[in-house]
Student: 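First the structure, then my questions, so here it is.
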There are 2 protein chains.
Amino acid sequence: MSEHLLANVVTPIARQSNLGEITYERLKEIIVAGSFPPNEKLTVRSVAAALGVSTTPARDAINRLLSEGALVNEGPKTVVVPSLTLDALDEITATRLALEGLAAERSVLAVSAADIATLQRLQSAINAGLDAADYREVLRANREFHFLIYRLSGWPRLVAMIESLWLRVGPSLNELYPDFAQNRRGVSNHMAAIKGLRARDGGKVRSAMEQDIRDGYSRLKAMIEARR
Amino acid sequence: MSEHLLANVVTPIARQSNLGEITYERLKEIIVAGSFPPNEKLTVRSVAAALGVSTTPARDAINRLLSEGALVNEGPKTVVVPSLTLDALDEITATRLALEGLAAERSVLAVSAADIATLQRLQSAINAGLDAADYREVLRANREFHFLIYRLSGWPRLVAMIESLWLRVGPSLNELYPDFAQNRRGVSNHMAAIKGLRARDGGKVRSAMEQDIRDGYSRLKAMIEARR
DNA sequence: TTATGGTGTTTGATGCAACAAAATTTTGAG
DNA sequence: CTCAAAATTTTGTTGCATCAAACACCATAA
């Protein structure tokens, strides 16, 4: 009985920490951080050597990223980090609006005072990062801010789908610097979201997050059109 | 040049036909057809033996289905076809409404007279299947009907996400028989969708498809509540 | 009957070698 | 110098052996 109770507290989802999983997470981090140049070839053996594992977990990780669209096959034996095209950005943005809007709207059903406090702390971190021009920290806190809200939806599969969408815009977000660091349009959207959460107004949270996505879209779009 | 044109028509995404891919497709078919009982254990070696391949492609296929949520880990070494819970149905339905609604709305941008003719042919097949009480054929034609519309969105990644959602309700759809075979509520939704496509009215197509999803939801919900 | 502990079996993960296919480099003809 | 073809290297896939961990079964005790 007490065990049953404990199981509810600790972690409902069985986590497996095999090498393939770890390799996948590490690779994902590297890609989303933009550390790996787009259109540069990725091979099973080079990933294996770089991360100190054998080919099997490396291949597992690459295939998984491939099926999520975070990597793409350019040839039968050529996988690269895809560079974001305008068409792809349009598709991803429309999908993000649909899914993140849905998650945002539901977030009010479960939000607690502690959650709101955490969000405010994250927003402070974003502001501090903007002041210090610490772009990496801004991105990290921004990401946590969004996903804390999305996780409140209580729908883990939805959150997983949203994560796979972020994986596709992630590499390009890093190219946005220093525009992103100077432009504080996102701040007001986040404040509006917090306000909506306080009022338990799902519609308000949704529209705030949607606006945040649209603002990011216009900046990414300008960046893509500029590189030529 | 003519090759280029052909390549655009047949399949824009480079298909690789390795054993792992084939095994994945076969396994997916089996799962979505409901041929594999929910909560029954799946092992790498049994899949490999059943499909006549070695453990590597079998493991690849299982892992991929696992990452899509079509299979779930019940224990560290226990994977099963998940039985649809009411919570999961709610989550999947809300996500389906968002994504399939989006795809349906965009479908009018590219629809041709030939597409509409194909849809009518598929609807005839659905009607014939209902008359003949050929449930499998009804499901097949229904699936094709939906995905022909979704593919018209021109957004392949969106279609892929929708496919992964269908993979999760697929097994349960088979349990719906004979209710589904007798209930023709879906027919009017499909006719409304065709009408909307003819009028190039994206909103009309969206609401028709959304209604179709909602109708399916209420039947699945009743089924889940009944099994006890 | 129910819970617990022990035991043998099954299982997924991992590393690796072999192979065919693709990618790259070199070569050679014009 | 240009470009196609041949030679070479690199690469993903596949199958399989090995191993630690999980599982299933059973006996025993309460």
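Numbered from 1 within each chain, the chains take letters A, B, ... in sequence-line order. In this text, all values refer to a predicted model and were calculated from it rather than measured experimentally.
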Student: Got a donor-acceptor contact below 3.5 angstrom from the T93(B) side chain to the D90(B) backbone?
Tutor: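 Answer holds: no.
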
Student: With a 4.0 Å cut-off on heavy atoms, is I62(B) in touch with a base, just the backbone sugar-phosphate, or nothing at all?
Tutor: nothing

Student: Between atom CG in L71(B) and atom P in dG12(C), what is the gap in whole Å?
Tutor: 12 Å

Student: Can you check whether R45(B) has a side-chain N or O nearer than 4.0 Å to OP1 or OP2 of dT10(C)?
Tutor: no

Student: Under 4.0 Å between any heavy atoms, over every strand shown, what does L42(A) touch: base, sugar-phosphate, or nothing? Just pick one.
Tutor: sugar-phosphate

Student: In terms of side-chain heavy atoms of R59(B), which of dA13(C), dG15(C), dG15(D) is nearest?
Tutor: dA13(C)

Student: Measure from the side chain of K41(A), starting at C-beta and using heavy atoms only, and say which of dA23(C), dG12(C), dT14(C) lies closest.
Tutor: dA23(C)

Student: Does the base of dC23(D) carry an N or O that pairs as donor and acceptor with the side chain of T78(B) under 3.5 Å?
Tutor: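 It does not, because no donor-acceptor pair links the side chain of T78(B) to the base of dC23(D) below 3.5 Å.
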
Student: Quick check: any donor-acceptor pair below 3.5 Å linking the side-chain of T55(A) to the base of dG15(C)?
Tutor: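 No, the side chain and the base share no sub-3.5 Å donor-acceptor pair.
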
Student: For W166(B) and F147(B), I'd like to know if the aromatic rings sit close, meaning centre-to-centre distance below 6.0 Å.
Tutor: yes

Student: Please check if the number of heavy atoms outside R26(A) that lie under 6.0 Å from its CZ is greater than 12.
Tutor: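 Check fails, neighbour count at 12 or below.
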
Student: Please evaluate the base of dA21(D) for a donor-acceptor partner in the side chain of K77(B) within a cut-off of under 3.5 Å?
Tutor: yes

Student: Taking the side chain of T56(A) as heavy atoms from C-beta outward, which of dC23(D), dT14(C), dA22(C) is closest to it?
Tutor: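 Among dC23(D), dT14(C), dA22(C), the one nearest the side chain of T56(A) is dT14(C).
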
Student: Between dT14(D), dT13(D), dT14(C), which nucleotide has the shortest distance from any of its atoms to the side chain of N63(A)?
Tutor: dT13(D)

